[in-house]
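All of these numbers come straight from a predicted model, not from anything done at the bench. In what follows, every heavy atom counts, from backbone to side chain, and hydrogens, waters and symmetry copies are set aside.
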Amino acid sequence: MAADCAAFCHVNLHKRLTPGRIPLLCCPETDFDISMKLAKIISINDIRSVTVIRMEAPCCTELTDMVQTAIKLSRKPLPFQTVSVFVDAEEVD
């Protein structure tokens, strides 16, 4: 799950962070509570792990929370990690 603005700020986002994965893009400021939709996606698909790729912006804190809630609602124990992208495209694990 990636913040839609992260794809524009990190020129190699797809090559470096999502090879072999299917990224879902959203913005917590415009895509209000995605937890229920994402929980359904997780529960009916064979998903092995979830990575949140977020920007340093405060609104992206909500994205991480929404995804963690979705994982709990799906009742699947999935490995979860967060990667932060800064405006200068620096990546921090």
Side-chain angles (χ1 to χ4, degrees):
M1 175 64 70
D4 55 4
C5 55
F8 294 104
C9 291
H10 193 305
V11 72
N12 292 319
L13 179 89
H14 297 291
K15 285 182 185 177
R16 185 168 164 92
L17 299 174
T18 63
R21 299 178 183 185
I22 299 171
L24 301 176
L25 301 176
C26 78
C27 175
E29 284 208 347
T30 58
D31 300 324
F32 303 106
D33 195 14
I34 55 135
S35 297
M36 293 301 290
K37 291 178 188 177
L38 186 57
K40 189 167 188 165
I41 290 170
I42 292 170
S43 66
I44 62 175
N45 290 284
D46 183 26
I47 296 173
R48 291 176 274 168
S49 67
V50 177
T51 300
V52 173
I53 302 169
R54 53 163 283 182
M55 293 297 295
E56 64 179 316
C59 60
C60 277
T61 301
E62 291 182 39
L63 178 60
T64 303
D65 295 341
M66 287 184 215
V67 174
Q68 287 179 319
T69 298
I71 293 170
K72 288 177 188 175
L73 291 171
S74 76
R75 297 184 178 183
K76 285 190 173 181
L78 296 174
F80 173 83
Q81 69 175 343
T82 302
V83 175
S84 296
V85 175
F86 289 82
V87 175
D88 63 0
E90 178 186 353
E91 174 188 325
V92 177
D93 290 328

(message) What verdict does the side chain to side chain contact (heavy atoms under 4.5 Å, CB included) test give for Leu38 and Leu24, after you've listed the backbone C-alpha separation in whole Å, the side-chain angles of each residue and the deciding distance to 0.1 Å?
(response) CA-CA 9 Å; Leu38 186 57; Leu24 301 176; 3.8 Å; yes
(request) Quick one: list whatever passes side-chain contact (heavy atoms from CB on, under 4.5 Å) with Asn45, sequence neighbours left out. (result)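 Asn45 satisfies side-chain contact (heavy atoms from CB on, under 4.5 Å) with Ile41, Ile47 once adjacent residues are dropped.
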(message) I need the Ser49 OG to Gln81 CD distance, nearest 0.5 Å.
(response)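 Rounded to the nearest 0.5 Å, the OG-CD separation comes out at 7.0 Å.
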(message) Nearest 0.5 angstrom please: Lys76 NZ to Ser43 OG, how far?
(response)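 Going from the NZ atom of Lys76 to the OG atom of Ser43 covers 6.5 Å.
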(message) Please determine whether residues Ile34 and Phe80 belong to a single hydrophobic cluster, defined as Ile, Leu, Val, Met, Phe, Trp and Tyr linked transitively by side-chain heavy-atom distances below 4.5 Å.
(response)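 Yes.
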(message) Evaluate Cys26 against Met1 for side chain to side chain contact (heavy atoms under 4.5 Å, CB included), listing each step before the verdict.
(response) CA-CA 7 Å; Cys26 78; Met1 175 64 70; 3.6 Å; yes
(message) Just so I know, are the side chains of Lys37 and Asp31 near enough to count as touching, which here means a heavy-atom distance under 4.5 Å?
(response)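 They are not in contact (no side-chain heavy atoms under 4.5 Å apart), so the answer is no.
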Residues 58-71 side chain polar contacts: donor-acceptor under 3.5 Å, at least two apart:
| from | atom 1 | to | atom 2 | distance (Å) |
| --- | --- | --- | --- | --- |
| Thr61 | OG1 | Pro58 | O | 3.3 |
| Thr69 | OG1 | Asp65 | O | 2.9 |

(request) Name all residues meeting the side-chain hydrogen bond (donor to acceptor under 3.5 Å, both in side chains) criterion together with Ser74; count only those two or more places apart in sequence or in a different chain, and write none if there are none. (result)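 Applying side-chain hydrogen bond (donor to acceptor under 3.5 Å, both in side chains) to Ser74 gives none.
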(message) Can you list, by chain and residue number, the hydrophobic cluster partners of Met36 when the side-chain cut-off is 4.5 Å?
(response)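 Direct or chained contacts put Met36 with Leu73.
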